[in-house]
Amino acid sequence: MTTEMPLWEVFIRGQHGMSHRHVGSLHAADAETALLNARDVYTRRNEGVSIWVVPAAQITASSPSEKGPYFEPANDKVYRHPTFFDIPDEVGPM
Amino acid sequence: MSDPLFEFLLRQGDNTLILGHRISEWCGIAPAVEEDIALANTALDLIGQTQMWLGLAAEVEGAGRSADDLAFHRDVWDFRNLLLVEQPNGDFGHTIMRQFLFDAFQVPHLTALHNASDDRIAGIAAKSLKEAQYHLERSRETVIALGDGTEESNRRMQAALDRLWPYAGEMFLRDGVDDAMHESGIAADPASLRATWDDTVQTTLGEAMLTIPDSDFAQQGGKSGKRHSEHLGHLLATMQFLPRSYPDARW
């Protein structure tokens with residue numbers, strides 16, 4: 001094939017998952033076909049109860065070269081981590 | 001004629017076995033990895049259905065044969081599948097068109113079987129129906145995408161439709177086995193499924209910008225086993241080679 005079909009990112013919510021998680025990507029001509037392909041490629045072993053597909057071109061990603069300015073300032077600010085609270089069991093997964 | 005129930009079950013299992021094997025021939029060589037996996041999934045669904053149909057056929061026959069015996073130790077004239085499903089794959093569009101024409105029949109057929117007076121048959125139909133509904137959604141969307149795609153894909157899909165059309169009519173032909181199944185409350189009269197099939201096929205092929213051939217001529221001889229096409233023997237030679245050459249093999 002000379003022209004590659006558009007790339008789609010696939011997100012699946014698992015049996016007991018609380019949210020959709022990125023599982024991989026695939027090629028498809030349109031959104032409906034991307035959904036069908038995602039069903040066949042990523043849920044063959046009973047992984048999911050819900051699928052999202054998103055055109056990869058629509059995702060704006062942070063640049064690896066900006067990793068320092070973006071993420072390192074958070075490293076030494078332990079007080080921002082919510083580890084100083086006792087969470088009651090009834091709350092469930094956070 | 002042997003027991004009509006046994007014949008009927010062979011027809012169900014042979015359709016899914018032969019089509020499942022045909023589709024499995026694409027494994028590793030489909031035009032895109034997504035289609036490759038999807039076709040392999042469909043093949044596995046069909047082989048799984050075969051295990052249930054031929055398992056029940058063997059039980060009904062009561063001659064000590066297993067589903068594997070029926071699949072691997074019968075010859076061309078013993079098979080009861082439709083001529084449509086034994087046709088060679090051709091190009092990818094041809095394979096998808098064959099799949100669509102079959103899926104569009106299988107969904108109303110299994111829907112009717114779902115109410116069979118025999119619980120074992122109703123159970124297999126209920127399980128198979130969910131798979132068939134997905135197969136139809138997929139084959140239908142792909143027929144539309146390719147039919148209403150480029151000039152070349154449209155030409156290939158029209159050629160596939162023209163080539164396969166004479167094999168569609170056999171699905172709706174009725175014989176003594178069908179009459180017996182209809183009378184005992186197991187299956188619908190196949191002719192009664194035609195209207196639903198026509199509706200699905202006309203809508204889909206219309207959206208796919210394809211022209212339905214103006215002919216009712218139907219090739220026949222598959223489901224009765226009287227006259228299979230020359231392709232079935234070659235398929236069986238490949239499919240049955242291992243268990244026939246190594247009868248004690250386990251896998």
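- When atom types are taken as modelled, the side chain of B:N41 and the backbone of A:D40 share a donor-acceptor pair closer than 3.5 angstrom.
- Atom CD of B:E151 sits in a sparse spot, with 12 or fewer heavy atoms from other residues, nucleotides or ligands closer than 6.0 Å.
- In B:R194, the CZ atom is crowded: over 12 heavy atoms of neighbouring residues, nucleotides or ligands sit closer than 6.0 Å.
- The contact between B:A38 and chain A is made by backbone and side chain atoms together, counting heavy-atom distances below 4.5 Å.
- When B:E141, B:E137, B:R138 are compared by the number of non-hydrogen pairs under 4.5 Å with chain A, B:R138 comes out ahead.
- By the 6.0 Å contact criterion, CZ on A:R21 is open, its count of non-hydrogen atoms from other residues, nucleotides or ligands being 12 or less.
- Judged by distance alone, the side chain of B:E34 and the main-chain N or O of A:H27 form a donor-acceptor pair under 3.5 Å.
- In A:K67, the NZ atom is not crowded: 12 or fewer heavy atoms of neighbouring residues, nucleotides or ligands sit closer than 6.0 Å.
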